[in-house]
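Data first, discussion second: the structure below is written as structure tokens.
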Amino acid sequence: MTERKVRVRFAPSPTGPMHVGGVRTALYNYLFAKKHGGDFILRVEDTDRERFVPGAEEYIIESLKWCGIVPNEGVGFGNGEYAPYRQSERKSMYRKYAEQLVESGHAYYAFDTTEELEEMRNKMQAAGVSSPQYNSITRQNMKNSLMLPADEAKKRLEAGEQYVIRIKMPRNEEVRVKDLIRGLVVVHTAQLDDKVLFKSDGMPTYHLANVVDDYLMKISHVIRGEEWLPSAPLHVLLYKYLGWEDVMPEFAHLPLLLKPDGNGKLSKRDGDRLGFPVFPLQWTDPKTKEVSSGYREKGYFPEAVVNMLALLGWHPSTNQEIFSLTELIEQFSLERVSKSGAKFDPEKAKWFNQHYLRTRTDKELAEIFMEELKQKLVPINIGSDLQLARVQGICRLLKEKANFTNEFWKLGSYFFIAPEKYDEEVVRKKWNEKSSEFFNKVKEKYFALEKCSHDEAEKVFKQTAEESGIKPGDVMQLFRVIITGGVGGPALFEVVALLGKEEVAKRIEAAVKKFGN
RNA sequence: GGCGCGUUCGUCUAGGGGUUAGGACAUCUCCCUUUCACGGAGGAAACACGGGUUCGAUUCCCGUACGCGCUACCA
């Protein structure tokens, strides 16, 4: 069994946008597969038609692509040898396995209607049973092929009566599930119920479909969320009853992603409430038109999201925090996945993004920023190389100040538009009777310069100050306010150089006009 | 309620029978700096509780508490 080729799958249900917890599950599957030279498969588990949401499948595919978690085979990724990968398209394959289980005595037909099931539950609750189950005891009072006379069950089947197939859970056995993260988990079948395997609409439930597909697709490791741990014994039993025990995959149940404040599973609402995305991509609900924000649209880099998610529940033996996807593949192991749930931390997510922002070249950032500038209708000549070079220069300064590229405009709009408002406090404190004369002198000297580089600009400024008997430090802040309107920002003479002497002159004139006398 | 899983700084975590319990984010102080940020230095900050086992337990065992998950013809 250890000789088997590693094949893992990510098997989401298209019931809505996949959130970051799903992305992390996909990521761990991907890392594990790549680490062992195996395959990563995307299988869409759409056995529940009621909950199907249009666009959800496309959303999942696009999200994986954006994150760089690319499956070897599966829906949207060039179907492979085991196609189809959408369970709705595999519908015809499941019935025979369900029937095989009936024949071998491990499952049975049940004809109970929804009303009858409800009645049974109500009765039992009235009798003090808090969560009634359809199990080895209660099944004796229900309408199923185990209790009905043999010919009646057959008759009902032939008459086309609606039925489901349920597993015949043994009365008192121990089921042992070996989990790569949690160790051995032992459950008694007395606690388990006769789960429906095959629904009356001809579709399998998750439990059957999952086991059958994993078997057929030669899946070697099932890596999924912790919410599946309670049903893992059922799956183990299914492998046994189907005669597939020797090729049963290994299980690894991942800890859950928790909400940043308080406790509980991270949910869609948390993002809205706390103001950070829980989805990789922006999503518009097709019915309500409600929009949920996404990491991509919020300005996160996929590397940052992947890096952050990788460390939420997994840790290498070193203190390394920054990982490329390649490094993650090299170092990943299921043994180092933690057992407890991880609270999601938006602040750390921001820190990761800041890191990756600084690793981007000025040119890459300029390309991103240009897109935004176009939309802002900034009067710059987008097509020209000269302007690209200028925006690159701006990005070089701005990337040291920002966490996200979408903060560039807020941080650096003064590169494109002269300030309209000036920091009042600085003006009030620093502007005096000598200011107009001093800045006019600076302006003239800049004009005399052939090229107003940042070195030259600084030298000239300081010289002028000295000549006027002013300490440079006393006018620096004022100069910044005249140029940018505000008090913070990149090295001032870098800004001056990028703006050019004509623009600087204009801004000095505007300020002198406004505050002079 | 039942069953299962979990519990180290505020958060993510390392560690593991004898440690000054380590790192990162956040926070605070200082340095750098014309500003903001970056960067650097430092500070504050944790083994849920109770019993065992042991010379010694945060680490192993058992309970308790708390949290989470599951308990559908949903996945």
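In this text the structure is predicted, and so the values were computed from the model without any measurement. What's counted below: heavy atoms across the whole structure, side chains too, no hydrogens, waters or symmetry copies.
- Within 6.0 Å of NZ on Lys443(A) lie more than 12 heavy atoms contributed by other residues, nucleotides or ligands.
- Taking only side-chain atoms of Ser200(A), from C-beta outward, the nucleotide of rC68(B), rC73(B), rC36(B) with the closest atom is rC73(B).
- Atom name P, nucleotides rC68(B) and rU8(B): the rounded distance is 15 Å, in whole Å.
- For Ala342(A), whose side chain is taken as the heavy atoms from C-beta onward, the closest listed nucleotide among rU71(B), rU13(B), rA75(B) is rU13(B).
- You'll find the side chain of Phe415(A) stays beyond 4.5 Å of the side chain of Ser413(A), heavy atoms only.
- Here Arg480(A) lies in heavy-atom contact (under 4.0 Å) with a base.
- Between the CZ atom of Arg182(A) and the P atom of rC68(B) there is a distance of 16 Å, given to the nearest Å.
- Taking atom C1' in both rC66(B) and rC25(B), the straight-line distance is 26 Å, to the nearest Å.
- Ring geometry for Tyr206(A) against Trp228(A) counts as parallel: the plane angle stays under 30°, on a 0 to 90° scale with 60° as the upper cut.
- Asn135(A) comes within contact range of no nucleotide atom at all, as no heavy-atom separation falls under 4.0 Å.
- For Lys348(A) against rA24(B), a side-chain-to-base donor-acceptor contact under 3.5 Å is present.
- Taking atom P on both rU64(B) and rG2(B), the two are 11 Å apart, rounded to the nearest angstrom.
- In a base pair of the Watson-Crick type (N1 to N3 plus N6-O4 or O6-N4) or a G-U wobble (N1-O2 and O6-N3), with each distance short of 3.5 Å, rA26(B) is matched with no nucleotide.
- Taking the ring axis of Phe301(A) as reference, the NZ or CZ atom of Arg360(A) stays within 45° of it and closer than 6.0 Å to the ring centre.
- Considering only residues two or more places apart in sequence or on other chains, Glu467(A) meets the side chain to side chain donor-acceptor pair (under 3.5 Å) condition with Lys445(A).
- Interface remark: the Lys265(A) side chain does not form any donor-acceptor pair with the rC68(B) base, using a distance-only criterion of under 3.5 Å.
- Among rG1(B), rU71(B), rC5(B), the nucleotide with an atom closest to any side-chain atom of Ser131(A) is rG1(B).
- Out of rA75(B), rA14(B), rA24(B), the shortest distance to the side chain of Glu321(A) is found at rA24(B).
- Across the P atoms, rU27(B) and rC36(B) are found 16 Å apart, a figure rounded to whole Å.
- The residue Thr318(A) sits apart from the nucleic acid: no heavy atom pair falls under 4.0 Å.
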Any N/O pairs under 3.5 Å between the protein and nucleotides 43-49 of chain B? List them or say none.
none

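- Closest to the Asn319(A) side chain, of the nucleotides rC74(B), rC25(B), rG23(B), is rG23(B).
- Defined by atom type and a distance below 3.5 Å, a donor-acceptor pair is missing between the side-chain atoms of Tyr163(A) and Asn144(A).
- Taking the six-membered ring where tryptophan is involved, the planes of Phe479(A) and Tyr446(A) are tilted, since the angle between them lies from 30° to 60°.
- Side-chain to base pairing of Ser340(A) with rG6(B): no donor and acceptor N or O lie closer than 3.5 Å to each other.
- Ranking rC38(B), rC25(B), rA75(B) by closeness to the Arg358(A) side chain, first place goes to rC38(B).
- Among the protein residues, Val487(A) comes within range of the nucleic acid bases, having at least one heavy atom under 4.0 Å from a base atom.
- Between the CG atom of Leu197(A) and the P atom of rA72(B) there is a distance of 15 Å, given to the nearest Å.
- Relative to the ring axis of Phe111(A), Arg156(A) places its NZ or CZ within 45° and under 6.0 Å from the centre.
- Using a 4.0 Å heavy-atom criterion, one finds that Arg49(A) contacts no nucleic acid atom at all.
- A gap of 44 Å separates the C1' atoms of rG50(B) and rC30(B), to the nearest Å.
- One interatomic measurement links the two molecules: CD1 of Ile322(A) to P of rG23(B), which rounds to 17 Å at whole-angstrom precision.
- Candidate nucleotides rC73(B), rU34(B), rG15(B) were compared by shortest atom distance to the side chain of Leu492(A), and rU34(B) ranks first.
- Atom P of rA41(B) sits at a distance of 23 Å from the matching atom of rA46(B), rounded to the whole Å.
- The residue Lys339(A) sits close only to the backbone: its heavy atoms come under 4.0 Å of sugar-phosphate atoms, none of a base.
- With a cut-off of 3.5 Å on both pairing distances, the Watson-Crick or G-U wobble partner of rA48(B) is rU64(B).
- One atom, CD1 of Ile137(A), and another, C1' of rG2(B), lie 13 Å apart when rounded to the nearest Å.
- The side chain of Leu229(A) sits closest to rC5(B) out of rU34(B), rA75(B), rC5(B).
- Below the 3.5 angstrom threshold, one finds a donor paired with an acceptor across the side chain of Arg51(A) and the base of rC74(B).
- Heavy atoms from other residues, nucleotides or ligands lying under 6.0 Å from NZ of Lys298(A) number 12 at most.
- For Leu254(A) and rG4(B), the CG to C1' distance is 17 Å, given to the nearest whole Å.
- Distances from the side chain of Trp228(A) to the nucleotides rC68(B), rA26(B), rA75(B) place rA75(B) closest.
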